[in-house]
Amino acid sequence: MIQKVRGTRDILPPESRLWVEVEAVAQRVFGGFGYEEIRLPLLEPTELFVRSVGEATDIVGKEMYTFADRKGRSLTLRPEGTAGVARAFIENGLAQRPSPLRLSYLGPMFRYEKMQRGRYRQFGQIGIELLGAATPAADAEVMLALHTFLAELGFDDLVIVLNNLGDPEDRPRFIELLLRELEGRREELCADCQRRWDANPLRILDCKVPRCRELVAGTTPVAEVVSEEARRHVDGVEAALRDLGVAVQRAPRLVRGLDYYLRTVFEVVSPELGEDTVICGGGRYDRLISDLGGPQVPGVGFAIGEDRLIEVLPASFRERVLGRRPVVVLPVGEAAATTLAVVRALAVRGIAAHAEVTGRSLKAGLKWAGKLGARVVVIVGGDELAAGAVVVRDLDRGEQQAVPIAEVADVLERTGEA
RNA sequence: GUGGGCGUAGCUCAGCUGGUAGAGCACAGGAUUGUGGCUCCUGUGGUCGUGGGUUCGACUCCCAUCGCCCACCCCA
């Protein structure tokens with residue numbers, strides 16, 4: 001038997017409804033903030049990610065889903081969305097469009113990792129990017145859009161945690177300070193951190209090993225070492241969010257696993273989301289586009305892990321989406337065509353209707369409707385049909401009435417069946 | 001990448017110390033004429049993950065391989 005590739009998965013109905021619905025909310029909310037969807041290739045030259053995400057990151061170091069095409073070129077299935085957006089921005093001369101440019105994207109990303117619950121090699125992400133604006137208001141907008149999206153899904157008590165990574169120029173100074181402060185305790189750090197010491201010292205900051213955390217807690221936060229400009233920027237973002245009533249919290253040790261971030265980096269936490277499981281993260285990346293050979297265009301954005309988001313979706317949302325009940329339309333005798341006509345009348349009104357097309361008896365049809373979870377069954381045939389009507393039966397109440405065919409959709413809409 | 005557990009019908013599992021497979025659920029039909037959810041009956045469905053070995057004979061033993069799950073790691 002042919003099986004799915006490791007780390008991929010099949011999302012079947014009704015589970016798939018949650019994806020469709022979450023994506024619809026995203027399109028609506030982000031669209032409302034002026035973001036339009038950009039659809040990009042899943043496959044990019046490996047070089048793009050090495051240069052944007054960063055050589056020393058885990059993503060590039062060991063998680064890229066890379067392989068050679070028939071001509072030996074190294075291709076990689078996109079591990080994240082921002083790099084591709086930056087590439088497309090440059091390649092299509094989007095700097096010529098009215099600035100700033102607001103883009104959203106959604107779709108599968110790939111990371112070649114050992115999989116586990118909530119972690120797949122192919123996983124969905126939803127994100128937005130605001131390109132061409134470097135003000136605190138730009139960051140605040142992006143975070144507000146994110147906050148609004150999650151709130152629309154029914155999440156409460158959302159807190160945005162953010163940190164100030166400063167500008168690239170600040171980094172050597174900070175890293176030097178960090179390493180100096182940890183110098184004497186170097187041996188006490190975990191093996192991974194010892195490795196990070198030389199390769200990517202910033203990552204020591206968000207190590208999960210308890211001892212490392214203790215040691216790191218005693219060091220000077222990045223935010224205190226950054227330039228005055230960077231400090232004002234992130235403080236401005238925080239202030240703007242507070243004015244908007246969005247809960248913000250400083251996370252002095254927050255570092256994200258991508259090299260291109262500077263100044264603002266953030267994540268969203270919520271009681272429902274659990275402590276260690278990040279479902280969403282983002283930040284500012286003013287040098288990314290120019291580093292890739294494009295114009296000097298600043299950017300800020302975030303990405304949400306869709307798989308995890310769906311795992312922790314509020315019950316209210318799940319129930320609303322999964323609790324939908326279809327209408328079933330059953331023919332009696334030679335009423336196949338009329339049955340389909342009734343389904344069409346309902347379908348165009350947005351009422352999900354299933355036609356009975358297997359030729360089973362009315363009795364078997366009702367049994368089937370029950371199993372589908374239908375609340376209403378429309379029975380087409382016999383005397384009523386001769387009079388231009390059908391029977392609308394409420395399965396929960398066990399009541400039914402004859403309704404003229406032309407009015408079926410109206411009646412179902414009125415009784416709240418949709 | 002490291003460590004551990006598991007792979008028998010769509011699902012959850014049974015199958016004793018080797019004699020070529022069962023249950024429940026699910027699915028389909030029926031219990032007379034155009035009315036379901038309960039009950040009863042019947043039926044569909046498995047190369048026992050795959051390959052090889054031991055054996056007269058393996059789902060049961062051995063080896064390999066693939067897949068899945070959990071933890072670590074890292075992240076979304």
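Since the structure is predicted, the reported quantities are computational estimates derived from the model, not experimental observations. Just so it is clear: chains get the letters A, B, ... in the order the sequence lines come, proteins before strands, and each one is counted from 1. Quick note: numbers below take in every heavy atom, side chains included, and nothing from hydrogens, waters or symmetry partners.
A tilted orientation is assigned to the rings of A/F30 and A/F149, their planes being inclined by 30° to 60°.
Residue contacts for A/R256: at a heavy-atom cut-off of 4.0 Å it reaches the sugar-phosphate backbone alone, with no base atom in range. Using a 4.0 Å heavy-atom distance criterion, A/R111 is classed as a base contact. Here A/R393 lies in heavy-atom contact (under 4.0 Å) with a base. Using a 4.0 Å heavy-atom distance criterion, A/V377 is classed as making no nucleic acid contact.
With its ring centre under 5.5 Å from that of the base six-membered ring and a plane angle below 30°, A/F123 counts as stacked on B/A76.
The pairing partner recorded for B/U17 is none, the criterion being a Watson-Crick or G-U wobble arrangement whose two distances lie under 3.5 angstrom. Nucleotide B/C74 has no partner under the Watson-Crick or G-U criteria, as no pair reaches both atom distances under 3.5 Å. Nucleotide B/A9 forms a pair with no other nucleotide shown, judged by Watson-Crick or G-U wobble geometry with both contacts under 3.5 Å. The base-pairing partner of B/U47, taking Watson-Crick or G-U wobble contacts with both distances under 3.5 Å, does not exist among the strands shown.
Using a 4.0 Å cut-off between charged side-chain N and carboxylate O, A/R28 and A/E152 make a salt bridge.
When the side-chain nitrogen and oxygen atoms of A/K371 are compared with OP1 and OP2 of B/A28, one or more of them lie within a distance under 4.0 Å.
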